[in-house]
Protein chains: 2
Amino acid sequence: MTNVLKGRFRVARKPADQSVNRDDIILAAAEVLRRNGYEAATMKDIAAAVNLTAASLYHHFRNKDTLLLAVLEAGLEAIISLMQPITGSRCSSADKLRRMIRAHIVAVTDNTAVGAAMVFEIRALMNVKAPAKTASADDRQAYAEFRARRDAFFARRDQFESLFRQVVREGIESGEFRPVDDGIYTRTLLGAQNWVGVWYRPDGHLSGEAIAGRMAEILLEGIVKS
Amino acid sequence: MTNVLKGRFRVARKPADQSVNRDDIILAAAEVLRRNGYEAATMKDIAAAVNLTAASLYHHFRNKDTLLLAVLEAGLEAIISLMQPITGSRCSSADKLRRMIRAHIVAVTDNTAVGAAMVFEIRALMNVKAPAKTASADDRQAYAEFRARRDAFFARRDQFESLFRQVVREGIESGEFRPVDDGIYTRTLLGAQNWVGVWYRPDGHLSGEAIAGRMAEILLEGIVKS
DNA sequence: TCATTAATCAAATGGTGATTAGATTATAGA
DNA sequence: TCTATAATCTAATCACCATTTGATTAATGA
């Protein structure tokens, strides 16, 4: 019920005459990104979503690239924080995996904007280009910092994926799971789960919870010994 | 072994002093799209990939949107044509489904560019905006045609997805498959299969065939009665 | 109340990129 | 060889957009 992706931010719309903060912008940006994609989304679009002008965004983020990175970082950390209590728990691999799958899917359906960004905007993040050699020292410094943060983001994303892989391996080693290719199985999971963000509609006939339950069951059948 | 997506086009690079054709451009455009995404890909980039200037592309395609549509249409038709012999065959639902899954995955790994476009550029296709009211009658006519073709594309894509869904339903009705939610199961398949285009690397340690085989096995376990 | 800093805005700036206009060259038939 | 058409090019055009500059306003601590 509680939306974890959103949960990290102030949920209530603040009075129009108050200033917005970083997190408001991140959330609004995710929404604009989902609709238009990073390249097509303009700073003006994003600003308008929080009743600001484009120029004002630069008070909160150095540039468009950094804003994108902030959106992705927030989304990733939110999801990882959901996984940790599960991977740390003391239950069967099948139970762990089931709970992880469900948590991921529910997170995606609860905040489709951030979920979609994590799928569709990674490429834009990778393609951010270095400033021209003629750029100011300031800009080059900023780019160096950006790159460091981006690298950290990718490392973190790999960690996230290996949380799933770890559980799969454990289950195979303990004999609880069939001896499938753990890399392939993990990517099967992630693909199916990420894809939910593409087709899920909040007004559809199945809730995020319902989808999560059914999909987890199907995916588990693919690996649990019967 | 034969690459079906590419198979529709002339494979061999033509001598540099010959003129390019529509299909050469479509294939090159898919590659540029995979790297940069539609919005970031410039007509100049695409033209350069076939040794032309941007202006020359307009001899072959009315505009950038139409080129995008052409890429997606070609990819979709290629994949659908792979499915038809399978769905029409007389074998068990499990065999049909296995062959369809494998065919789809191999098609994606054989031409990752087109496969990725089918996943990542649909949004760009949806977001193509109408010409201004001040636009020429010619432009408005062109837009009307574009919309019709685009609608047809989406209908065709839905047909493609229902090929899978149909087989799943058949198998459930015949009792060959467990009675899972066919909508969820189908989307689980498609998500996992599409996702292969995101992580597959031709120089990785598993061939497209190998991936297809393993993933099909895992996905079938999720539904076949044991 | 005053000074400082945080947030915001309006109005440039500088580039880029899709598209068009107006040639030019190549080729295929007559 | 001559002509029409296809394919290509160079050089505009015209918008749009990220980012900067230089104010202006609001809130906070002294």
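Letters go in sequence order (proteins before strands), and every chain restarts at 1. Excluded from the calculations below are hydrogen atoms, water molecules and symmetry mates; all remaining heavy atoms, backbone and side chain alike, are included. This is a predicted model, so every value here is computed, not measured.
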Qualifying side chain to side chain donor-acceptor pair (under 3.5 Å) pairs, either residue in residues 149-168 of chain A, two or more places apart
A:Glu73-A:Arg149, A:Glu77-A:Arg156, A:Arg156-A:Gln159, A:Arg165-A:Asp182

Rounded to the nearest 0.5 Å, how far apart are CE of B:Met100 and CE of B:Met83?
5.5 Å

What are the residues of residues 56-70 of chain A, sorted by number, that bring a heavy atom to within less than 4.0 Å of DNA chain C?
A:Ser56, A:His59, A:His60

Spacing of B:Leu52 atom CG relative to D:dA6 atom P, expressed in whole Å
17 Å

When you measure from every atom of DNA chain D, which of residues 29-43 of chain A have a heavy atom less than 4.0 Å away?
A:Ala41, A:Thr42, A:Met43

Do B:Asp24 side-chain atoms and B:Asn21 backbone N/O form a donor-acceptor pair below 3.5 Å?
yes

Restricting to nitrogen or oxygen on both sides, can you table the protein-nucleotides 12-15 of chain C pairs closer than 3.5 Å?
none

For A:Asn21 and D:dA27, what is the distance between atoms CG and C1' respectively, to the nearest whole Å?
16 Å

Could you tell me if B:Tyr143 and B:Asp138 have a donor-acceptor pair between their side chains, going purely by distance under 3.5 Å?
no

Quick one: A:Asn51 CG to C:dA7 P, roughly how many Å, whole number?
17 Å

What are the two closest heavy atoms between A:Gly75 and A:Met118, and how far apart are they?
C-SD, 4.2 Å

Taking B:Arg22 for its side chain and B:Ala70 for its backbone only, find out whether a donor-acceptor pair lies under 3.5 Å.
no

B:Asp45 CG to C:dA18 P: how many Å, rounded?
8 Å

Check this for me: does any side-chain nitrogen of one of B:Lys64 and B:Glu121 sit under 4.0 Å from a carboxylate oxygen of the other?
no

Restricting to pairs with a member in residues 193-202 of chain A, which pass salt bridge (charged side-chain N to carboxylate O under 4.0 Å, His left out), not counting sequence neighbours?
none

Spacing of CG belonging to B:Asp65 relative to CG belonging to B:Leu125, to within rounding of 0.5 Å:
8.5 Å

Determine whether a donor-acceptor pair (N or O, by modelled atom type, separation under 3.5 Å) exists between the side chain of A:Thr112 and the backbone of A:Thr109.
no

Could you work out, with salt bridge (Lys or Arg N to Asp or Glu O under 4.0 Å) as the rule, every residue matching A:Arg99, not counting sequence neighbours?
none

To the nearest angstrom, how far is A:Phe146 atom CZ from D:dT19 atom P?
11 Å

